Number of protein chains: 2
Amino acid sequence: MTTARRLPARDRLLQAADRVLFDRGIRTTPVDELLREAEVSAATLYAHFGSKDALVAETLRGRLADWRAVWDQHIVAAGDDMARLLAVFDALVSYRGDQRHPSRWCAFLAAATELPEAPDEITEVLAADTALLADRLLHLSRPLAGDRAQELADEVLVAYSGALAAFLRGSPRSPIEVGRRLARSAAEAHRRT
Amino acid sequence: MTTARRLPARDRLLQAADRVLFDRGIRTTPVDELLREAEVSAATLYAHFGSKDALVAETLRGRLADWRAVWDQHIVAAGDDMARLLAVFDALVSYRGDQRHPSRWCAFLAAATELPEAPDEITEVLAADTALLADRLLHLSRPLAGDRAQELADEVLVAYSGALAAFLRGSPRSPIEVGRRLARSAAEAHRRT
DNA sequence: GTCTATATGGTGATAGAC
DNA sequence: GTCTATCACCATATAGAC
């Protein structure tokens, strides 16, 4: 049996932030609560990160890396062009099922809304998430929609973003399935034309 | 020429809140800024509304009423069943074009994200907006999708929410048009089946 | 060198005194 | 309507513990 070793303060802070911030709210979670969760003192947080915003930014960068990896796996596992395009929705199911990254809806969009005047560092992570989505969806749309790949990619991005926003509404009940149906209809409409 | 009459303090506050809160951010806008914009003192705000949250709630109720009215007009003006279903997107274009209600994306969803622990009063306005959307979209889906009206209504709600969330991302460029295309493909897919 | 504890200044929301 | 007080939260500084 492996001895459970206590992580360094920096890692405990990142884990606590990831566990709490996007589930309970970035701004509604006081720094003191993160400190208590991580069992770390205020001085340590500010020594390592410099600000709450910087801790948020670092946590978001970690989430983006994990999200990219999960999506990768689902694209590789998909059997045909349509499945590869729709893999983004299966990846979302997997990602949201991961206990390490709880989230009320979307960490990146939440940061953009809750921290509109935040340092560029934070804006840049949402921009990177959006660029990842836009680039990959365009690439995956090509075999299905040819010249109209950009239109299809835009449609899937909106369906994906809509599924996330629907979690915030609490309606419809299974937003990811609904998003997938929207994306499939859009893809089929392009294929037919 | 009509004499420009100064509105009562309560109305000046509501207008200032509507102009500023959802554009610059609900929490990032300090009460002091609203007071300056409205040319009102703090005591007046707390006498009329009791709290910043209550002012936010009242502003949201006003927005919901206006949104409902705009959507009404676009449904009435539509020529056939498909146009009536898609009227929600034209209404969104109109509503967002109205100078009185500037918004980075969606006032109701923004309130839910920025104020997750807010009094029920605020949660209830988002619930009312969602119920309005769900009920009307279900009704408007019936002639196009029959027994499958619920599925189509869910799809249009996600497409609509996705268009709003896309404003936050800054991508795609014309989210409302993309949302409308998604909704149309979904409706046609149901009609064909 | 990494971390803790404690004291302190700044700002925003709110309430009450004048 | 102004001014002041209170409270919560972000941030920094200092001094000391492992």
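Atom set for the values below is all heavy atoms of this structure, side chains included, hydrogens, waters and symmetry mates excluded. Chain naming here is simple, since letters A, B, ... match the order of the sequence lines and numbering starts at 1 in each. Everything numeric in this text was worked out from a predicted model, so none of it was measured.
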> With a non-hydrogen cut-off below 4.0 angstrom, is A:A9 in contact with a base, only sugar-phosphate, or nothing?
Replying inline: sugar-phosphate
> Rounded to whole angstrom units, what separation is found between the CG atom of A:L45 and the P atom of C:dA5?
Replying inline: 14 Å
>> Salt bridge or not between B:R63 and B:D129? Use side-chain N to carboxylate O under 4.0 Å.
In response: no
> Should A:E155 and B:R181 count as an ion pair when the cut-off is N to O under 4.0 Å?
Replying inline: yes
>> If we check side-chain contact (heavy atoms from CB on, under 4.5 Å) with A:T59, which of these qualifies: A:L64, A:L14, A:L13?
In response: A:L14
>> Classify B:E39 by what it touches in the nucleic acid, base, sugar-phosphate, or nothing, heavy-atom distance under 4.0 Å.
In response: nothing
> Are OP1 or OP2 of C:dC3 and a side-chain N or O of A:H48 less than 4.0 angstrom apart?
Replying inline: yes
> Taking only N and O in the side chain of A:S51, is any of them less than 4.0 Å away from OP1 or OP2 of D:dC10?
Replying inline: no
>> Taking B:D90 first and then B:R180, would you say they form a salt bridge - that is, a charged N and a carboxylate O separated by under 4.0 Å?
In response: yes
>> If the cut-off is 4.0 Å, is B:Y46 near the phosphate of C:dA15, judged by side-chain N/O to OP1 or OP2?
In response: no
> Just to confirm, is there a sub-4.0 Å distance from OP1 or OP2 of D:dG1 to any side-chain nitrogen or oxygen of B:T44?
Replying inline: yes
> 5'-most contact on DNA chain D: A:T29 or A:A43, nearest heavy atom basis?
Replying inline: A:T29
> Whole-Å distance between C:dT14 P and B:L55 CG?
Replying inline: 10 Å
